Chemist: 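Structure below; questions to follow.
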There are 2 protein chains.
Amino acid sequence: MELFAEDGYEATTVAGIAGRAGVTERTFFRHFADKREVLFAGEEQLQAVFVNAVTDAPADAPVSGLLIAALDAGGEALRCGRGRDFARVRNGIIVANEQLRERELLKLAKLSHAVTGALVARGVPDMTASLAGELVTLVFRTAFARWIAPGETRDLLELQREGLAAISDLTCAGAA
Amino acid sequence: MELFAEDGYEATTVAGIAGRAGVTERTFFRHFADKREVLFAGEEQLQAVFVNAVTDAPADAPVSGLLIAALDAGGEALRCGRGRDFARVRNGIIVANEQLRERELLKLAKLSHAVTGALVARGVPDMTASLAGELVTLVFRTAFARWIAPGETRDLLELQREGLAAISDLTCAGAA
DNA sequence: CTGCTGATGTCATGAACTGACATCAGTCAG
DNA sequence: CTGACTGATGTCAGTTCATGACATCAGCAG
């Protein structure tokens, strides 16, 4: 992150990263699948938080309740993680580069897919589960973007609730 | 697409593609930003269809109406495009490779962003526009996936409407 | 001490890109 | 017609990313 912040993502070479870490390039590629992955390693843990929230919810919870449970757990995990400022720096690096944005989108798609899987495992019908899985990451992503906006001080969970409510308004109005 | 279908994406080299096309590798890279892009060139047109539908909608249309207008236009464009079978082949290649899935996600994110921009230009508030933009691609993507599923014969527009209704159910139930 | 295991280094190689410059066909003003 | 200009392509050299094969070395179990 130091090097990326200094010179930008493209300008820093893998050899440079490895050198700064005191290892060889070859060793770098044994720890990270590719150059981008160095910024995304460990995202499986966040995914597990979302999935567990769905899996561990009360047996009689409606789908909408599972959706909220997942969001609450995920939001909570992030809040207790490396903090908002770290997220801001990391995000600044990512949004400055399309390759990194691509990777982030893939990670989010996997998150969505994992949540969908957890819902299906609970017996939620396929299409409903799929849409709910997508909604979870949609709300999370949108709230996260606002959470790290400069000057924003509100809580991530609060922003998530607000986003969910807005979607509700949007689609219910359309249905009516 | 011939080469990708034959040998798989990773196994086919840019030199191979260029050779088959009767040009040099260097020429390939003058037409396509990178190896992946060869499968995604021309997506800006589809994006324009969505955006125009929003821009050209009646001045008094509610946001939910714009959302539907965009989806109808986009779905229509795809139906009249290269056809369902072409989409199936292309999709088979894409889903078989993570790098290609990444690129597809980026394209969809850009679509979403463009729709959001068109909504903002109409005076829709930022957050609403953003969520609506996301919803458009969410519904489109989900419906598209079912559209190209083996054995599926229903119309893309019909599948989109069904998806939108399902989201409505999901979030309105949560609000109630 | 011996042999195994895991992490790392070394080397060679291929494939993906990029910049600088050359070439060549069209075309358009004079 | 000629010569300058333009745009598309080719040539070539070089960088970076990524991977396979093999060597090395520390630590630990028997």
Side-chain angles (χ1 to χ4, degrees), chain A residues 1-45 47-48 89-111 113, chain B residues 1-45 47-48 89-110:
Chain A
M1 293 227 347
E2 288 169 19
L3 290 172
F4 289 160
E6 256 173 56
D7 311 328
Y9 172 77
E10 304 222 19
T12 94
T13 68
V14 172
I17 301 171
R20 175 75 71 99
V23 297
T24 62
E25 198 173 338
R26 191 70 188 82
T27 297
F28 175 92
F29 282 112
R30 276 194 269 253
H31 287 275
F32 305 101
D34 56 48
K35 186 181 166 189
R36 291 181 262 170
E37 195 63 15
V38 75
L39 270 173
F40 296 94
E43 298 251 300
E44 315 79 34
Q45 295 165 243
Q47 179 175 309
V89 173
R90 178 171 170 280
N91 202 251
I93 295 170
I94 291 172
V95 297
N97 184 278
E98 281 215 335
Q99 294 184 30
L100 293 174
R101 284 188 48 213
E102 273 186 314
R103 178 57 52 86
E104 180 166 52
L105 290 167
L106 183 67
K107 294 288 182 181
L108 284 166
K110 283 181 176 174
L111 171 60
H113 191 254
Chain B
M1 295 227 347
E2 288 170 19
L3 291 172
F4 289 161
E6 254 174 56
D7 312 329
Y9 173 77
E10 305 223 20
T12 94
T13 69
V14 171
I17 301 171
R20 175 76 71 101
V23 298
T24 62
E25 200 174 337
R26 191 71 188 83
T27 296
F28 176 92
F29 283 112
R30 275 194 268 255
H31 287 275
F32 305 101
D34 57 47
K35 185 181 164 189
R36 290 180 264 169
E37 195 63 15
V38 74
L39 269 174
F40 296 93
E43 299 251 299
E44 315 80 34
Q45 295 164 243
Q47 180 175 308
V89 173
R90 178 172 171 278
N91 201 253
I93 295 170
I94 292 172
V95 298
N97 185 276
E98 281 214 337
Q99 294 185 30
L100 294 174
R101 283 189 47 212
E102 272 186 315
R103 177 58 50 86
E104 180 165 53
L105 290 167
L106 183 67
K107 294 289 183 180
L108 284 166
K110 284 182 176 174

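Below, chains carry the letters A, B, ... as their sequence lines are ordered, and counting in each starts from 1. Since the model is a prediction, treat every value here as computed from it, not as a measurement. Below, each value reflects all heavy atoms present in this structure, side chains not excepted, and no hydrogens, waters or symmetry copies.
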Chemist: Can you check whether A:T24 has a side-chain N or O nearer than 4.0 Å to OP1 or OP2 of C:dG9?
Modeler: yes
Chemist: Base contacts versus sugar-phosphate-only contacts with protein, heavy atoms under 4.0 Å: please encode nucleotides 13-20 of chain C as B, S and - from 5' to 3'.
Modeler: --SSBBBB
Chemist: Please tell me if A:H31 has a side-chain N or O lying less than 4.0 Å from either OP1 or OP2 of C:dT8.
Modeler: yes
Chemist: Identify, with sequence neighbours excluded, every residue that meets salt bridge (Lys or Arg N to Asp or Glu O under 4.0 Å) alongside A:K35.
Modeler: none
Chemist: Among all residues two or more places apart in sequence or in another chain, which pass the salt bridge (Lys or Arg N to Asp or Glu O under 4.0 Å) test with B:D7?
Modeler: none
Chemist: Holding to salt bridge (Lys or Arg N to Asp or Glu O under 4.0 Å), I want the full list of residues that pass it with B:R90, two or more places apart in sequence or in another chain.
Modeler: B:E43
Chemist: Once ring-ring contact (aromatic ring centres under 6.0 Å, His included) is applied, do any residues pair with A:F29, and if so which ones, sequence neighbours excluded?
Modeler: none
Chemist: Identify all side-chain donor-acceptor contacts of residues 19-27 of chain B below 3.5 Å with residues at least two apart in sequence or on another chain.
Modeler:
residue, atom, partner, partner atom, Å
B:R20, NH1, B:E2, OE1, 2.4
B:T24, OG1, B:T27, N, 3.4
B:T24, OG1, B:T27, OG1, 3.3

